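Reviewing the structure listed below.
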Number of protein chains: 2
Amino acid sequence: MPVDNEQTAQVAGGTGAARPGTRRPGGRTARTRAAVRDAVLTGLTEHGYSGLTVEYVAEHSGVHKTTLYRRWGGVDGLVADTLDLAGEDSWTPPDTGSLHGDLHALALEVVHSFADPATAAPSSAVIAAAFQSEPAAQALRAYYAERFTRCEVIVDRAVARGELPGPRSAIDGGALVRAAAAPLFFRLFITREGLDEPAADQAVAVALAAAHAGTFTRST
Amino acid sequence: MPVDNEQTAQVAGGTGAARPGTRRPGGRTARTRAAVRDAVLTGLTEHGYSGLTVEYVAEHSGVHKTTLYRRWGGVDGLVADTLDLAGEDSWTPPDTGSLHGDLHALALEVVHSFADPATAAPSSAVIAAAFQSEPAAQALRAYYAERFTRCEVIVDRAVARGELPGPRSAIDGGALVRAAAAPLFFRLFITREGLDEPAADQAVAVALAAAHAGTFTRST
DNA sequence: AGGCAAATGCAACTCCACTTGCGTTAGGTA
DNA sequence: TACCTAACGCAAGTGGAGTTGCATTTGCCT
């Protein structure tokens with residue numbers, strides 16, 4: 001079953017001005033999308049976002065340049081769509097048996113994923129693309145929103161285990177996980193300090209300390 | 001006294017291959033730099049980073065296009081140099097009389113600076129530029145490193161007041177302040193959730209809770 | 001004051017991202 | 001099966017970013 005997750009925003013009028021790719025989600029269209037996204041991924045890992053060009057994707061996907069411009073608008077659209085695909089994986093947060101273990105494993109996943117060019121390229125590419133195109137910003141927002149929603153299980157389990165004061169609903173799990181992740185991305189893209197395991201350790205420690213102090217407990 | 005803070009990195013050979021701008025920091029050169037940086041600032045606030053073009057800077061600064069390419073290499077270099085200027089201001093961290101007050105004021109400064117396009121544009125522009133050029137990344141790194149060094153006074157004062165366990169050297173002030181700032185930038189540029197005062201409140205609360213739990217105390 | 005070289009100005013050129021008009025292919029439907 | 005049209009392919013063209021060789025200005029030093 002080929003996926004079809006076109007952005008539902010900005011439909012021109014009520015007259016049904018169909019955007020390309022929405023009316024014929026069948027064979028060729030789906031094949032085109034898959035080929036294009038593969039080419040985008042390899043292009044990103046090879047040349048990075050700033051070095052990725054529409055012409056490159058055209059050559060390496062067998063899809064004509066004009067089609068790429070028509071359906072995706074440009075490099076940023078291509079990258080945004082690629083992230084949409086990446087968001088449809090079956091990833092689940094770690095389950096180590098303790099809150100600290102889960103958060104630490106999660107932080108290490110981030111560290112390692114950004115250490116490997118193949119996985120780091122798409123992620124950082126969209127962050128870069130979001131600066132110059134609203135669709136990319138949208139894709140980025142949606143991606144992380146969904147990721148952190150998946151992560152709330154970690155906190156739910158911790159509450160169930162009695163590691164944090166219950167009930168579940170009283171603690172903002174999303175905020176806790178975000179707090180653990182934020183310093184890592186901050187170091188990566190803002191202060192450009194680079195990532196290592198100590199950084200991950202400290203990020204987790206900060207988030208956990210705040211959690212135990214009740215900082216993420218929702219105010220009634 | 002005209003400033004001259006050229007990047008000292010990547011000097012080609014030992015034979016003294018002088019880069020433009022280093023041998024004659026006098027009148028015209030300095031005037032050129034000033035005019036260019038003004039034009040970059042107005043260009044950024046008007047069109048944003050993705051809309052800023054070298055030609056625009058040339059027209060609005062009176063400096064010829066060729067000169068801009070020669071001395072700054074391109075848009076990213078222009079933006080990086082502009083941040084270098086911004087880093088030479090006389091900013092000092094807030095001094096409210098309490099650690100919480102200082103951190104909160106600091107967080108609010110971030111929120112408000114990114115709410116105002118005129119101040120937000122240069123900052124976010126360099127973050128974007130750092131994705132495609134090493135000089136820009138360098139400028140970004142230097143800028144925030146210097147900023148957070150200035151902020152360590154906040155923690156020093158708190159220790160002196162007895163708000164945190166001393167001695168000064170035992171606590172990593174930079175890490176504490178970074179912890180308070182990270183969630184804000186994370187929301188701005190990674191999850192693209194936008195900033196508001198509650199976000200600032202929580203960021204400060206998290207950092208403070210971690211500080212009181214001893215998370216930023218240096219291990220001997 | 002006078003001379004040297006760095007820094008800038010200038011105009012023409014190259015190259016590539018992006019567009020456009022039209023012909024062709026193939027998915028959906030009767 | 002046959003038709004219709006969305007989606008794609010193609011080739012030529014356009015515009016602007018970035019480059020190059022040379023003339024001109026202007027700081028700095030003697």
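For clarity, every value in this text was computed on a predicted model and none was experimentally measured. Numbered from 1 within each chain, the chains take letters A, B, ... in sequence-line order. All values below come from the heavy atoms of this structure, side chains included, with hydrogens, waters and symmetry mates left out.
Between the CD atom of A:Glu55 and the P atom of D:dG9 there is a distance of 14 Å, rounded to whole Å. Protein atom CG of A:Leu68 is 13 Å distant from nucleotide atom C1' of D:dA7, rounded to whole Å. When the P atom of C:dA17 is taken as reference, atom CD of A:Gln132 falls 14 Å away, rounded to whole Å. Taking atom CZ of B:Arg33 as the reference point, atom C1' of C:dA7 lies 14 Å away to the nearest angstrom. Nucleotide C:dC18 holds its P atom 16 Å from the CH2 atom of A:Trp72, rounded to whole Å. Here the P atom of nucleotide D:dA17 and the CG atom of B:Leu78 are 13 Å apart, to the nearest Å. Rounded to an integer number of Å, the gap from B:His47 NE2 to D:dG16 P is 13 Å.
A side chain to side chain donor-acceptor pair (under 3.5 Å) with B:Trp72 is found for exactly one of B:Asp81, B:Thr67, B:Thr82, namely B:Asp81. The one candidate from A:Thr45, A:Leu78, A:Val75 that meets the side-chain contact (heavy atoms from CB on, under 4.5 Å) condition with A:Val40 is A:Leu78.
Contact between A:Ala107 and A:Ala200 at its shortest, heavy atoms only, is CB-CB, 3.9 Å. For the residue pair B:Tyr56 and B:Gly43, the shortest heavy atom distance occurs at CE2-CA, 3.3 Å.
The CD atom of B:Glu109 sits 10.5 Å away from the OG1 atom of B:Thr119 when rounded to the nearest 0.5 Å.
Between D:dC8 and A:Thr32, a contact under 4.0 Å exists linking OP1 or OP2 to a side-chain N or O. Residue B:Arg31 has no polar side-chain atom (N or O) positioned under 4.0 Å from OP1 or OP2 of C:dA7. Phosphate contact (OP1/OP2 of C:dA7, side-chain N/O of B:Thr67, threshold under 4.0 Å): absent. Regarding contacts with the backbone of D:dA7, every side-chain N or O of A:Arg71 stays at 4.0 angstrom or more from both OP1 and OP2.
An end-to-end axis angle of 40° holds for the helix from C:dA1-D:dT30 to C:dA30-D:dT1, taken from five base pairs per end and rounded to 10°.
Ring-plane geometry between A:Phe186 and B:Phe185 is classed as tilted, the angle between the planes lying from 30 to 60 degrees on a 0 to 90 degree scale.
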Enumerate all atom pairs, one protein N or O and one N or O from nucleotides 19-21 of chain D, separated by less than 3.5 Å.
none

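Taking 4.0 Å as the cut-off between side-chain N and carboxylate O, A:Arg141 and A:Glu134 count as a salt-bridged pair.
The cationic atom of A:Arg150 (NZ for Lys, CZ for Arg) does not lie both less than 6.0 Å from the six-membered ring centre of A:Tyr143 and within 45° of the ring axis.
Along DNA chain C, the nucleotide nearest to B:Gly62 and the one nearest to A:Thr53 differ in position, and the one closer to the 5' end is contacted by B:Gly62.
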query: Going through the distances and angles, do A:Val36 and A:Arg33 end up as a side chain to side chain contact (heavy atoms under 4.5 Å, CB included)?
result: CA-CA 5 Å; A:Val36 165; A:Arg33 289 191 71 183; 5.7 Å; no
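Comparing C:dC18, D:dA17, C:dC10 by their nearest atom to the side chain of B:His64 picks out C:dC10.
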